[in-house]
Amino acid sequence: MPGYGIKPAQEGTGLLPWAWAEERLVSSRDFWLASTSPDGEPHLMPVWAVWLAGALWFSSSNDSRKTRNLRAGPRCSLSTENPESPVVVQGIAEAVTDLSGRQQLLDAENAKYGTTYSIDSLDPASNTCFRVRRLKVIGLDTADFTGSPTRWTLSAWPAG
């Protein structure tokens, strides 16, 4: 589309503050997770996720395609659910294996989704907890489609 692209900060008409992105990462109920199978086949699935300590956290069955893909190649993308003001996190999925980390995820999920799951639901024998550390985050607001696309990268993270 003519005029569309990521512009230098001084040229954008509506470059977005980090608080805008973080608000959407916190409030999005569902996320779309994109991963790649070992043979290169793309895979896209919805997941519940929570924004916690500067990363997106989620869990998945050990037998799921998502988990098998991320174990073979941890690079992935997660997007918030609203296509009119999406925030896309590109990063590396790390397995969270310690009890403290799994408990943090469980507490955050129960609070966000109104569930009462126990720590047994995140048993590492059947389920893997992931934390996706952000390498790049991209956001845009369709109200300023050509001026708002904003990219935050690892070399220039805002506080928070």
Side-chain angles (χ1 to χ4, degrees), residues 6 15-141 149-160:
I6 297 177
L15 293 180
L16 304 166
W18 176 246
W20 180 94
E22 200 162 36
E23 176 185 311
R24 280 145 185 83
L25 291 167
V26 169
S27 66
S28 186
R29 177 177 168 77
D30 301 305
F31 289 79
W32 289 96
L33 169 67
S35 63
T36 307
S37 69
D39 67 0
E41 184 177 334
H43 186 255
L44 183 67
M45 288 298 291
V47 294
W48 278 4
V50 295
W51 181 249
L52 181 64
L56 277 170
W57 299 53
F58 65 95
S59 65
S60 184
S61 165
N62 288 343
D63 294 330
S64 72
R65 170 53 56 199
K66 297 181 290 288
T67 298
R68 290 181 288 154
N69 286 352
L70 293 172
R71 288 188 183 280
R75 288 189 173 276
C76 64
S77 294
L78 286 125
S79 176
T80 55
E81 64 191 344
N82 185 344
E84 294 187 9
S85 58
V87 177
V88 179
V89 173
Q90 298 174 353
I92 306 292
E94 306 167 335
V96 177
T97 57
D98 62 287
L99 179 58
S100 171
R102 291 184 292 123
Q103 188 66 54
Q104 284 180 45
L105 171 59
L106 179 67
D107 292 345
E109 282 183 337
N110 280 340
K112 180 176 182 176
Y113 296 103
T115 53
T116 57
Y117 298 137
S118 72
I119 195 66
D120 295 340
S121 68
L122 298 180
D123 182 346
S126 59
N127 199 304
T128 301
C129 297
F130 290 101
R131 173 180 47 232
V132 177
R133 296 219 182 260
R134 58 192 180 178
L135 296 177
K136 183 188 308 180
V137 178
I138 298 171
L140 72 91
D141 186 347
T150 305
R151 178 179 58 216
W152 299 270
T153 59
L154 186 60
S155 62
W157 282 127

Heavy atoms, side chains only, cut-off 4.5 Å: are [X] and [Y] in contact?
{"X": "R75", "Y": "T36", "value": "no"}
{"X": "S37", "Y": "R65", "value": "yes"}
{"X": "L25", "Y": "F31", "value": "yes"}
{"X": "P124", "Y": "T97", "value": "no"}
{"X": "N69", "Y": "P38", "value": "yes"}
{"X": "L33", "Y": "K66", "value": "yes"}
{"X": "L105", "Y": "L122", "value": "yes"}

*Taking only residues two or more places apart in sequence or in another chain, which ones pass salt bridge (charged side-chain N to carboxylate O under 4.0 Å, His left out) with E23?*
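E23 satisfies salt bridge (charged side-chain N to carboxylate O under 4.0 Å, His left out) with no residue once adjacent residues are dropped.
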Taking all heavy atoms of [X] and all of [Y], pick out the closest pair and write down the distance.
{"X": "F130", "Y": "A93", "result": "CD2-CB, 3.9 Å"}
{"X": "E41", "Y": "D39", "result": "N-OD1, 3.1 Å"}
{"X": "V132", "Y": "C76", "result": "CG2-SG, 3.8 Å"}
{"X": "P17", "Y": "W152", "result": "O-CZ2, 3.6 Å"}

*In terms of heavy-atom contacts, does CZ of R68 have more than 12 from other residues, nucleotides or ligands at under 6.0 Å?*
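Enclosed: over 12 neighbouring heavy atoms sit under 6.0 Å from CZ of R68.
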*Under the 3.5 angstrom rule, does the side chain of D123 hit a backbone N or O of S126 as a donor-acceptor pair?*
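No, D123 side chain to S126 backbone: no donor-acceptor pair under 3.5 Å.
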*Any donor-acceptor pair under 3.5 Å linking the side chain of K112 with the backbone of S28?*
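Yes: the side chain of K112 pairs with the backbone of S28.
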All N/O donor-acceptor pairs, side-chain side in residues 53-60, below 3.5 Å, sequence neighbours left out:
from : atom 1 : to  : atom 2 : distance (Å)
W57  : NE1    : L52 : O      : 2.9
S60  : OG     : S64 : OG     : 2.7
S60  : OG     : T67 : OG1    : 3.4

Check residues 83-92 and write down every donor-acceptor pair under 3.5 Å in which the side-chain atom is one partner and the other belongs to a residue at least two apart or another chain.
none

*Take the angle between the ring planes of Y113 and W48 and call it parallel below 30°, perpendicular above 60°, tilted in between.*
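Judged by the thresholds at 30° and 60°, the geometry between Y113 and W48 is parallel.
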*Decide side chain to side chain donor-acceptor pair (under 3.5 Å) for N62 and T128; before the verdict, give the C-alpha distance in whole Å, the side-chain angles of both, and the deciding distance to 0.1 Å.*
CA-CA 6 Å; N62 288 343; T128 301; 2.4 Å; yes
*Does R29 pair with E81 as a salt bridge, N-O distance under 4.0 Å?*
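Looking at R29 and E81, the cut-off is not met.
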*Does the side chain of S61 pick up a donor-acceptor pair with the side chain of N127 at under 3.5 Å?*
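Note: S61 and N127 side chains miss the donor-acceptor criterion.
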